[in-house]
There are 2 protein chains.
Amino acid sequence: MTASPAPEPGPLRRSAGDRRAQLVQIGLELLPTTPVQELTIDEVARRAGISRSLLFHYFATKRDYYTAVTRAAADLLWEHLLPRPGTPPEVQVTGMLDRYVGWVETFRETHLAFVRGAAGGDPWVSEVYEETRTRLVDVALAALGLPDDALRRQLVLAWFAFTEDLVGQWTREPTTMTRDELLVLLRDVLDRLTTR
Amino acid sequence: MTASPAPEPGPLRRSAGDRRAQLVQIGLELLPTTPVQELTIDEVARRAGISRSLLFHYFATKRDYYTAVTRAAADLLWEHLLPRPGTPPEVQVTGMLDRYVGWVETFRETHLAFVRGAAGGDPWVSEVYEETRTRLVDVALAALGLPDDALRRQLVLAWFAFTEDLVGQWTREPTTMTRDELLVLLRDVLDRLTTR
DNA sequence: TAGCTTGTTGAGCACTGCTCAGCAAGCCGG
DNA sequence: CCGGCTTGCTGAGCAGTGCTCAACAAGCTA
């Protein structure tokens, strides 16, 4: 009886891929309000309508889980920043900067949670973050047409820290300058740092 | 019997001030190896030779405890960086920069733990960190003889992030430039940012 | 000696990460 | 239709950790 194919949110039997995706998605949704490392298995399982045990079936460890969530967040950011193929190199960096500011404006809390989680000490999470930064340096140096030496990499990475901090502050208190001024300033600092 | 005044590490009865200081000191010693928030009450109590309960007598909450530890670390940094009274303003910033690099060189792990803990999401810890940054901006702007407006504060704060990141990288891989080149570069970036 | 203050402890509760033995839903070969 | 296999899934329960509470005990003062 009542065998109607109702779209119940109950503990349906799902394929392994679906479940993993669902669990990671829940993690992403919780990210704005909770530091990654403080996601509780209980809460995630409850939202997914499954038992704690099942979560450990898919992620052997809590760390495995929130690392996966972090990686998903990093991938989203990466895909959003990556210049569209065919873009002339000169405007690639400007475009990425523009999209980065837009990203922070739109997903302020999620992005802060991502950065915090990365800085928060856990080596596994930091690694995901560092990996993203490394890839971004690659793209940036290539787009700028600059040689890829150790010094320049250090400077560009430090410039990322500068950018992250300044954009973060500016989104909280945007009265100090216009959005365009911010973009020009960041671009200018980067140029002066890399071409000296 | 055996009433000798031996300096036993046992559970001596101490004054409230002494105990607090001892517990905070233990926290500082653990800081290089452990993110602040992951200090366990058990471990600290064990090292102090006391029961868990006593720690909660002095710090109502674990958060209270590691916030105190963080504040202690921040105070140490602050005292180390603060220009000696009587120093001419022009060399104050250079001196602070020099001492900051020295600090990171000497207490690399502790300082990283401090920064990580601050970035790690906990508002209480972040507040201590932000407070220190704010005081440093005050001193820096005063020493540079520059007006104290919102834009300049944002830029100096972002420059802190730049400096932290670059110095951190440089201490890991110091072959990219000499110590002096690093200092000159940082100072140069700061000047260009604040006097535009 | 009695009594007060206060440094100190052990037992124990609640929550959370994690394990394990086993249930049950779907699919296959007979 | 049945037996067996795979696999998504669960409940009970253990261990560690933050935190509470009632009570002990060391030292001071009256």
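Reminder, nothing fancy here: chain letters follow the sequence lines and each chain counts from 1.
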Whole-Å gap separating [atom2] ([N]) and [atom1] ([X]):
| X | N | atom1 | atom2 | answer |
| --- | --- | --- | --- | --- |
| A/R46 | D/dT10 | CZ | P | 15 Å |
| B/Y65 | D/dC19 | OH | P | 13 Å |
| B/Q22 | C/dT8 | CD | C1' | 13 Å |
| B/I50 | C/dT6 | CD1 | C1' | 15 Å |
| A/R20 | D/dC9 | CZ | C1' | 16 Å |
| A/R19 | D/dT7 | CZ | C1' | 13 Å |
| B/L55 | D/dG18 | CG | P | 10 Å |
| A/D18 | D/dC9 | CG | C1' | 15 Å |

B/W78, CH2 atom: more than 12 neighbouring heavy atoms under 6.0 Å: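 More than 12 within 6.0 Å, yes.
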Heavy-atom count check: over 12 atoms from other residues, nucleotides or ligands less than 6.0 Å from B/E43 CD?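 Count over threshold, so yes.
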Check this one for me: any side-chain N or O of B/R14 less than 4.0 Å away from OP1 or OP2 of C/dT8?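 It does not, given that no N or O in the side chain of B/R14 lies less than 4.0 Å from OP1 or OP2 of C/dT8.
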Presence of A/H57 side-chain N/O under 4.0 Å of D/dG8 phosphate oxygens OP1/OP2: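 Answer is yes, contact under 4.0 Å.
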Less than 3.5 Å apart, which donor and acceptor atoms pair up between the side chains of residues 184-192 of chain B and the rest of the protein, not counting sequence neighbours?
{"from": "B/R187", "atom 1": "NE", "to": "B/D191", "atom 2": "OD1", "distance (Å)": "3.3"}
{"from": "B/R187", "atom 1": "NE", "to": "B/D191", "atom 2": "OD2", "distance (Å)": "3.4"}
{"from": "B/R187", "atom 1": "NH1", "to": "B/T94", "atom 2": "OG1", "distance (Å)": "2.9"}
{"from": "B/D188", "atom 1": "OD2", "to": "A/R196", "atom 2": "NH2", "distance (Å)": "3.4"}
{"from": "B/D188", "atom 1": "OD2", "to": "B/R192", "atom 2": "NE", "distance (Å)": "3.4"}

Walk along nucleotides 17-26 of chain C from 5' to 3' and tag each nucleotide B, S or - by protein heavy-atom contact under 4.0 Å, base first, then sugar-phosphate. SBBB----B-
Do the side chains of [X] and [Y] get close enough for a salt bridge, i.e. N-O under 4.0 angstrom?
| X | Y | value |
| --- | --- | --- |
| A/D138 | A/R153 | yes |
| A/D165 | B/R133 | yes |
| A/E105 | A/R179 | yes |

Spell out, as yes or no, whether a donor-acceptor pair under 3.5 Å connects the side chain of A/T61 to the backbone of A/D64.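 No, the answer is negative, given that no donor and acceptor are paired below the 3.5 Å cut-off.
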Counting the atoms with a prime plus P, OP1 and OP2 as sugar-phosphate, which does B/Y58 contact under 4.0 Å by heavy atoms, base, sugar-phosphate, or nothing?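 Contact class for B/Y58: sugar-phosphate only.
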